[in-house]
Colleague: 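Got a structure here, written out as structure tokens. Questions coming.
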2 protein chains.
Amino acid sequence: MSQHRHPGAPGRAGAVPALPDLPEATVARLPEYLRALHNLADTGHETVSSEGLAGAAGVNSAKLRKDLSHLGSYGTRGVGYDVSLLIDQIEYVLGLTQRRAVALVGVGNLGHALAGYDGFASRGFRIAALFDADAGRVGEEINGLIVRHIDELARVAVEEAIAIGVIATPAPAAQAVADQLVAVGVTSILNFAPCVLSVPEGVDVRKVDLAIELQILSFHEHRKASLTALPATGGSALTALPGGLAVTEPQEAIGT
Amino acid sequence: MSQHRHPGAPGRAGAVPALPDLPEATVARLPEYLRALHNLADTGHETVSSEGLAGAAGVNSAKLRKDLSHLGSYGTRGVGYDVSLLIDQIEYVLGLTQRRAVALVGVGNLGHALAGYDGFASRGFRIAALFDADAGRVGEEINGLIVRHIDELARVAVEEAIAIGVIATPAPAAQAVADQLVAVGVTSILNFAPCVLSVPEGVDVRKVDLAIELQILSFHEHRKASLTALPATGGSALTALPGGLAVTEPQEAIGT
DNA sequence: TAGATTGTTAATCGATTAACAATC
DNA sequence: TAGATTGTTAATCGATTAACAATC
């Protein structure tokens, strides 16, 4: 892309601009770059090279440059990237220039913790409402918010302009909750319940399953054990073995 | 693969068998298949087709068959898969035939919830120890476990044969905790702190960042908004627009 | 045998990476 | 100008998918 023209930059005139078409893998990494950039800004850095930012974000620099090039990019050859310019750019693309309202459904064990999680507020979101189906929990105050009955979802969703629904109910309740969220116009759902949700086209679902993460780690433990236990090898054959799943330095390791 | 020979099946004679070399994407889906299979078993199904299991797991059947073929597979042409045989097979590959001990470090807001999360126990793991660096929290009982000071990690890790470490501390403390876990021989880490960990080769790290999940959803919200707001289109252009990121039915939607 | 369904093939697609020309 | 670093190219790799031969 020649010069600094690019689709959907901040400072758009008039109509909402179309966003650049970003590869899904790139979208998933942008928040990580953003976090690293905020750290850099907080420690007084005004400029950073692709090498430096990539290191802070745990990826290699080729991948970082490729990702940023999709945004139209704001680097200066021979110099690097302007930290605060890049922050603005990524925040714009991710839609973080507005603070989105989140509704959390299910205030059991996990939901309780999510309701109090600082990381949401500090990274662009506002927990605007808590819901539960259990009448015994309705009325409870968590972190300054009153738990409401799920039947109030429709009214509150409009009042609070809910943009994202978080499901933290037991699995058997999750699909019904998803249906209710969709019915009131929510088109983005983060699902912590260990089950598959079926939703109409145009609704995005992301899933976080804590046990699945452990099971994936368990596979790698199992594999490492089966390698070290190879006949007539004994102890720490790990690094010596060919094709070992030995993981290279900064994270990203097994396909995060 | 002809007949039922395959690498690393249960019932291995003598030495620990090498595990099949599984694509990382396949490994990440096996737990989802396992969950679906348990549901099927609980509802009295003895057999399931690739079509049926794929539907229950939210993937297409070609992908499912391809994934299972990597295990050496246990289907019967014209019939389908034996549910309990496949459960055993997947549990074996994932290393779930032993109940792995998990140490949780950081019993703040999120750590507290994780310590009480049922899903770990029910899917093959045992939370064996809780740690915190804050002396004020040491001694507290959570879900039948006493919170210990992080300095006791080395002793307890050996006593309890800790296989997996879960980090639920604030970001600034996470790297030091990871170093301590590695020092006592832990080679699998699940990191909830929003930061990159650097670990030696042979140590696997997976990361769960709740705010990042919301930020990815925010991107998609932003994009949908930029589509519907296209000049002279007005309302719900979503389904009508070419190349829309409209998401097809059962989940998996945006690269889970 | 006829019908059903697996396991595999091969084509396609998207993501990663190293290398380097462009350019500050 | 010389040195540094970006943005892009092109090669490679891994994952997905449809189609179908094998086979129960």
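Throughout, protein chains are lettered first and strands after them, A, B, ... in sequence-line order, and every chain is numbered starting at 1.
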Colleague: Rounded to the Å, how far apart are B:E51 CD and C:dA4 P?
Modeller: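 Atom CD in B:E51 sits about 14 Å away from atom P in C:dA4.
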Colleague: Tell me the interatomic distance from B:H70, atom NE2, to D:dA15, atom C1', rounded to whole angstroms.
Modeller: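 Whole-Å distance recorded here is 10 Å.
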Colleague: What is the distance from CG of B:L22 to P of D:dA15, rounded to the nearest Å?
Modeller: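 Taking atom P of D:dA15 as the reference, CG of B:L22 is at 10 Å.
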Colleague: Can you see if the side chain of B:S50 gets near the phosphate of C:dT6 - specifically, an N or O under 4.0 Å from OP1 or OP2?
Modeller: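 Answer yes for this pair, as a side-chain N or O of B:S50 is under 4.0 Å from OP1 or OP2.
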Colleague: Among C:dA19, D:dT5, D:dA15, find the nucleotide with the atom closest to the side chain of A:R65.
Modeller: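 Nearest to the side chain of A:R65 among the choices is C:dA19.
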Colleague: Among the candidates C:dA22, C:dA15, C:dT17, find the nucleotide nearest to the side-chain atoms of A:N60.
Modeller: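 Among the listed nucleotides, the one closest to the side chain of A:N60 is C:dT17.
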Colleague: Write down the distance between CD (A:Q89) and P (D:dG7), rounded to a whole number of angstrom.
Modeller: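 Roughly 12 Å, once rounded to whole Å.
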Colleague: Specify the separation, in whole Å, of atom CG of B:L71 and atom P of C:dT6.
Modeller: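 One finds 14 Å between P of C:dT6 and CG of B:L71, rounded.
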Colleague: So which one's nearest nucleotide on DNA chain C is more toward 5', B:K66 or A:R29?
Modeller: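 First, find each residue's nearest nucleotide; the 5'-ward one identifies B:K66.
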Colleague: When you match A:G78 and B:P23 each to their closest nucleotide on DNA chain D, which lands nearer the 5' end?
Modeller: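 Its nearest nucleotide being more 5', the pick is A:G78.
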Colleague: From C:dG7, C:dT16, D:dT16, pick the nucleotide closest to the side chain of B:Y81?
Modeller: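 For B:Y81, the side-chain atoms sit closest to C:dG7.
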Colleague: D:dT5 P sits how many Å from A:D82 CG, rounded?
Modeller: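 Between P of D:dT5 and CG of A:D82: 16 Å.
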Colleague: Over how many whole Å does the gap from B:L53 atom CG to C:dT5 atom P extend?
Modeller: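 About 14 Å, once rounded to whole Å.
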Colleague: Answer yes or no: is there an ion pair linking A:R223 with B:D204, defined by an N-O contact shorter than 4.0 Å?
Modeller: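 Answer for the salt bridge query: no.
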Colleague: Decide yes or no for B:L22 and B:L71: does some side-chain heavy atom of the first lie under 4.5 Å from some side-chain heavy atom of the second?
Modeller: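 With C-beta onward as the side chain, the pair touches.
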Colleague: Do B:E32 and A:K207 make a side-chain contact, defined as non-hydrogen atoms from C-beta onward lying under 4.5 Å apart?
Modeller: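 When only atoms from C-beta onward are counted, A:K207 and B:E32 do touch, with a gap below 4.5 Å.
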Colleague: With both distances under 3.5 Å as the test, what is the Watson-Crick or G-U wobble partner of C:dC20?
Modeller: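 Matched C:dC20 with D:dG7 under the 3.5 Å cut-off.
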Colleague: Verify whether one side chain among A:S198 and A:Q175 offers a donor that lies under 3.5 Å from an acceptor in the other.
Modeller: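 The criterion, which ignores hydrogens and geometry beyond distance, is not satisfied for A:Q175 and A:S198.
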Colleague: Which one, D:dA22, C:dA15, D:dA15, comes nearest to the side chain of B:R77?
Modeller: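 That would be D:dA22.
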Colleague: Which is true for B:A62 with a 4.0 Å heavy-atom rule: it touches a base, it touches only sugar-phosphate, or it touches nothing?
Modeller: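 Since a base atom lies under 4.0 Å of B:A62, the category is base.
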Colleague: In whole angstroms, how far is the P atom of C:dA15 from the CG atom of A:D21?
Modeller: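 So the CG-P distance, A:D21 to C:dA15, works out to 11 Å.
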Colleague: Is any side-chain nitrogen or oxygen of A:Y74 closer than 4.0 Å to OP1 or OP2 of C:dC24?
Modeller: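 No.
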Colleague: Using side-chain heavy atoms (C-beta onward) and a distance below 4.5 Å, is A:L68 in contact with A:L86?
Modeller: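 Yes. Closest side-chain heavy atoms under 4.5 Å.
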Colleague: Once you apply the 3.5 Å cut-off to both distances, tell me the Watson-Crick or G-U wobble partner of D:dC13, or none.
Modeller: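 D:dC13 is paired with C:dG14.
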